[in-house]
Amino acid sequence: GTANQQVLRLSGPMVGASPFSEEVLEYSVAEFPFERHVRLAFFGEEGASRAPPLDQLHLMSETKQRSRRSQVMARPSMVTGLIDHPGFVETYHKFIRDVVRPHLEEDYVVFEHSPNLRVHAAGGRSITGPHRDLDHQHSPYEVNFWLPLVQTRASASMWAESAPGKGDFHPFEVDYGQVMRFYGNQCMHYTLDNETDTTRVSLDFRVVRFRDFWCSGIPRPGQEAGERWTMYSYYDVMGPNGPVLKGAWDALASLLQVPENASQSSFSGPLGNMQRDLGASRRERSSSCEHQQRCVKEHGDRRTARKKCPRCGWIANRCKLSLELVYTTAEGEKTPWVAENPDTSHPWGLGCLVCHDARRNGLLNHIPDMGFSDFSFGANTPGLLVGPLVRHGNHGLRQLGSNYKDAFIAVDDAHAVAVGALSGKPESASPRCMPPVRGAVELQ
């Protein structure tokens with residue numbers, strides 16, 4: 001295949017496969033009046049009639065606005081009592097049972113007990129930076145549902161890529177009465193400063209199909225051992241007749257279809273597809289979480305680990321770097337070229353998806369066998385070296401021919417040739433055509 005196809009296959013093993021993809025669903029606001037229940041929870045029966053529409057919450061007096069914003073930005077069960085509001089919880093449970101469960105074609109689903117309520121005031125700063133839920137140790141089998149209570153557009157919305165690693169960031173342009181399903185576990189998503197004149201109010205929650213539970217990594221009741229994402233605390237279970245109580249778990253668990261010789265670490269879903277595609281047969285390298293825990297123990301704290309360990313430095317900064325270190329595809333899309341070695345049976349390292357694929361497609365005379373082409377860059381460096389990454393992608397200002405007093409830095413011809421071959425435009429090898437990094441990359 002082409003280099004572009006290789007990038008998609010390596011970085012998005014479930015691209016286009018429902019439900020690990022992006023899709024807008026419709027529902028009846030008369031049958032599921034989320035907006036009304038949120039207004040009642042915010043302002044009470046009497047205050048709800050006098051309060052402005054949710055998308056105009058920023059018009060409240062400054063004192064009230066600060067108070068409300070600080071309240072509703074927290075988890076609803078902690079501050080607003082939303083999950084304890086009788087009308088709301090009934091509507092939420094009915095929505096999971098009658099909309100989400102049939103959509104996922106499941107008799108039973110595991111769902112987030114308390115949906116997250118987000119308020120992004122007009123003129124407000126971004127409320128979440130670029131991240132993937134996987135970065136916070138969420139199960140890769142979670143599917144995200146994003147349900148706005150107002151019309152969402154431009155910077156008054158969530159921004160995400162449509163597939164893992166694709167980099168085609170766009171706002172969720174959906175209305176009240178629609179819900180966006182997306183794969184937030186491995187698709188990077190974030191918010192911008194809200195430069196519109198409307199406030200965004202939305203709910204979001206995560207769901208796991210019951211068929212995927214056995215390999216999801218979510219501990220069964222009684223096996224939590226200090227885990228954060230646990231059953232009947234963070235998650236509940238919904239069936240065709242309503243919520244399944246904890247006392248009925250054993251009977252329900254007997255329905256799990258566990259393949260012979262399977263374990264919770266032998267993924268057969270999105271991560272397993274990547275492993276099979278790459279023919280991984282050796283011992284898997286440690287997960288990011290395991291590696292961080294080991295490094296923190298060795299170095300004493302996270303900050304020192306990030307400074308001295310290249311992998312920990314990458315984990316802490318990969319969202320930012322994936323937005324900066326990009327190339328332009330033939331379709332004009334900005335796509336990250338930097339990635340971890342996708343073959344988890346090999347040692348950790350960073351590499352260039354474009355140069356790797358160019359060598360596989362016969363450009364051996366132009367693309368040398370180097371760390372970037374075989375995903376071994378940074379494996380043995382003293383911390384994460386960003387300078388070589390910037391220069392390899394020809395993002396440096398001096399490579400772009402800016403009027404620097406210091407010496408001009410040579411263009412990485414191999415990367416330029418690979419990008420030119422990929423885009424079908426050899427002239428793109430010119431350094432002036434490469435996208436510059438937007439200022440210095442400040443590592444965490």
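Taking the centre of each ring, His392 and Trp337 come in below the 6.0 Å mark. Annotation: His113 is not in aromatic contact with Tyr235 [ring centroid separation under 6.0 Å not met]. Two rings, from Phe213 and Trp249, have their centers less than 6.0 Å apart. Checked against the 6.0 Å centroid threshold, Tyr92 and Phe205 count as a close aromatic pair. For His138 and Trp229, the distance between ring centers is under 6.0 angstrom. Two rings, from His356 and Phe372, have their centers 6.0 Å or more apart.
The two residues Pro243 and His93 make their nearest non-hydrogen contact at CG-ND1, 3.6 Å. Pairing each heavy atom of Glu173 with each of Ala154, the nearest pair is OE2-N, 4.4 Å. The two residues Ser288 and Arg318 have their closest heavy-atom pair at OG-NH1, 3.7 Å. Of all heavy-atom pairs spanning Pro148 and Ser202, the tightest one is CA-CB, 3.7 Å. Taking both residues in full, the closest heavy atoms of Ile96 and Pro102 are given as O-CD, 4.5 Å, listed atom of the first, atom of the second, then distance. The nearest pair of heavy atoms linking Val150 to Leu54 is CG1-CB, 3.9 Å.
Within the 3.5 Å criterion, the main-chain N or O of Pro52 finds a donor-acceptor partner in the side chain of Arg39. Using a distance-only test at 3.5 Å, with no hydrogens or angles considered, a donor-acceptor pair links the side chain of Thr152 to the main chain of Val174. Put simply, the side chain of Ser139 gets close to the backbone of Ser216: a donor and an acceptor are under 3.5 Å apart. At distances below 3.5 Å, not a single donor-acceptor pair connects side-chain atoms of Ser155 with backbone N or O atoms of Leu192. The main-chain N or O of Phe34 is found under 3.5 Å from a side-chain atom of Tyr176 such that the two form a donor-acceptor pair. Formation of a donor-acceptor pair under 3.5 Å by the Asp175 side chain with backbone atoms of Gln151 is not found in this model. Not one N or O on the side chain of Asn341 forms a donor-acceptor pair closer than 3.5 Å with the backbone of Gly349. Formation of a donor-acceptor pair under 3.5 Å by the Asn317 side chain with backbone atoms of Lys320 is not found in this model. Checked by atom type and distance alone, the side chain of Arg97 never pairs as donor or acceptor with a backbone atom of Met238 at under 3.5 Å. Asn194 places a side-chain N or O within donor-acceptor distance of the main-chain N or O of Thr198, the cut-off being under 3.5 Å.
For Cys187, the side chain to side chain contact (heavy atoms under 4.5 Å, CB included) partners are Glu161, Pro164, Tyr183, not counting sequence neighbours. Partners of Ser233 according to the side chain to side chain contact (heavy atoms under 4.5 Å, CB included) rule, which considers only residues two or more places apart in sequence or in another chain, are Thr230. Applying the side chain to side chain contact (heavy atoms under 4.5 Å, CB included) criterion to Leu245, with sequence neighbours excluded, gives no partner residue. Looking at residues two or more places apart in sequence or on another chain, you find a side chain to side chain donor-acceptor pair (under 3.5 Å) between Asp168 and Ser162. With sequence neighbours left out, Val244 forms a side chain to side chain contact (heavy atoms under 4.5 Å, CB included) with Tyr108, Tyr232, Val237, Ala248, Leu252. In this view, Asp204 and Asn116, Arg118 satisfy the side chain to side chain donor-acceptor pair (under 3.5 Å) rule, not counting sequence neighbours.
Each of Phe95, Phe88, Phe145 was checked for a side chain to side chain contact (heavy atoms under 4.5 Å, CB included) with Leu203, and the lone residue meeting it is Phe88.
A salt bridge between Glu112 and Arg206 is present, with a side-chain N of the basic residue lying under 4.0 Å from a carboxylate O of the acidic one. The pair Glu106-Arg211 meets the salt-bridge criterion, with a side-chain N (NZ, NE, NH1 or NH2) lying under 4.0 Å from an Asp/Glu carboxylate O. Ion pairing between Glu105 and Arg101 fails under the 4.0 Å rule for side-chain N and carboxylate O.
For the pair Lys94 and Phe32, the cation-pi criterion (under 6.0 Å, within 45° of the ring axis) is fulfilled.
Between the NZ atom of Lys334 and the CG atom of Leu325 there is a distance of 13.0 Å, given to the nearest 0.5 Å. The distance from atom CG of Leu59 to atom CG of Asp197, rounded to the nearest 0.5 Å, is 9.0 Å.
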Candidate pair Glu22 and His170, rule side-chain hydrogen bond (donor to acceptor under 3.5 Å, both in side chains), full reasoning: CA-CA 12 Å; Glu22 192 174 289; His170 58 283; 2.9 Å; yes
Working for side-chain hydrogen bond (donor to acceptor under 3.5 Å, both in side chains), residues His136 and His131: CA-CA 9 Å; His136 301 285; His131 71 284; 5.0 Å; no
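Heavy atoms of other residues, nucleotides or ligands lying less than 6.0 angstrom from CZ of Arg153 number more than 12. Remark: Glu46 CD is loosely packed, at most 12 non-hydrogen atoms of other residues, nucleotides or ligands lying under 6.0 Å away.
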